[in-house]
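What follows is a set of notes on a single structure, which appears directly below.
The figures here come from the full heavy-atom set of this structure, side chains too, leaving out hydrogens, waters and symmetry mates. Counting convention: from 1, in listed order, for ligands and their atoms alike.
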Amino acid sequence: MKLDLPEVVFIDLDGTLVDSVPDLTCATNHMLSSLGLAEASETDVRSWVGNGIPRLVERALTGDMQQKAETALLQKALPLFLDYYQQFPCEESQVYPDVFEGLNWLKDKQIKLACVTNKDETFTLPLLEKLGLKDYFDLVVCGDTTPHKKPHPAPLLYGVDYFRITPEKALMIGDSINDVKAAKAAGLAIICVSYGYNHGQPISAAAPNTVIDTFAELESLF
Ligand SMILES: O=C(O)COP(=O)(O)O
Ligand SMILES: [Mg+2]
């Protein structure tokens, strides 16, 4: 079934627009080795990303998706990660193939674009700038823009409010169950990319409206 052309598209960052895991892995391993702990693999980090950096750091410390890290250890670990990532947010991160093509197609259709990420603003804006993505977006909603991160609908509802539209005039493109839950809770249709980070699980299991393998497929959906 074809989707209606939206007025606004909200697009996730990590795992959707940009493969940021190489730099997140370097920051994770700087933090772990500074604490005398064993380093993590890129595959581990890929499955830990998606709920913001503090959760990524906790997952790296515990080796577990849900477990809480000891407060004193987390208080030592977080600044180690943040200081490193602030210095090196974009050494190896890359825009995924066909992303620019898809963004240009959406722009040509006069659709407004917003980036909605769980990454804090201090890391998001330099990354978008350095990779040539920033000027595509009329709005950037970061992990610290509203009191809640995705899967809470607040970041998307903030965007809906900003553009003065109703949720059915917008849609979301993301890579993880956090994007699917946030979009559904906010009343938006959700398209997912198959190549992103969904905690090691196929994103089709989260039942988005559609799954695409690249941004080049976007135009065929409408
Ligand atoms: O910082 C994260 O955990 C991931 O951010 P995302 O929302 O852009 O995927
Ligand atoms: Mg993502």
Residue portion contacting ligand 1 (non-hydrogen atoms closer than 4.0 Å) for Thr16: neither
Arg55, portion touching ligand 1 at heavy-atom distance under 4.0 Å: neither
For Asp12 and ligand 1, answer yes if some heavy atom of the residue is under 4.0 Å from a ligand atom, otherwise no. yes
Any Gly52 heavy atom less than 4.0 Å to ligand 1: yes
Are Tyr84 and Phe88 an aromatic pair by the rule of ring centers under 6.0 Å? yes
Tyr195 ring center near Tyr96 ring center (under 6.0 Å): yes
When every non-hydrogen atom of Leu113 is compared with those of Tyr136, the smallest separation belongs to CB-O, 3.6 Å
Identify, for atom 4 (C) of ligand 1, the protein heavy atom at the shortest distance, and state residue, atom and that distance. Asp14 OD2, 3.2 Å
In the protein, what heavy atom is nearest to atom 8 (O) of ligand 1, and what distance, to one decimal place, separates them? Thr117 OG1, 2.6 Å
If I take every N, O or S atom of Asp179, is at least one of them less than 2.8 Å from the Mg ion (ligand 2)? no
Determine, stepwise, if the pair Thr122 / Gln86 fulfils side chain to side chain donor-acceptor pair (under 3.5 Å). CA-CA 8 Å; Thr122 183; Gln86 187 95 59; 2.7 Å; yes
Determine, step by step, whether Phe123 and Leu127 satisfy the side-chain contact (heavy atoms from CB on, under 4.5 Å) criterion, reporting the C-alpha distance in whole Å, the side-chain angles of both residues, the deciding distance to 0.1 Å, and the verdict. CA-CA 6 Å; Phe123 305 114; Leu127 194 62; over 6 Å; no
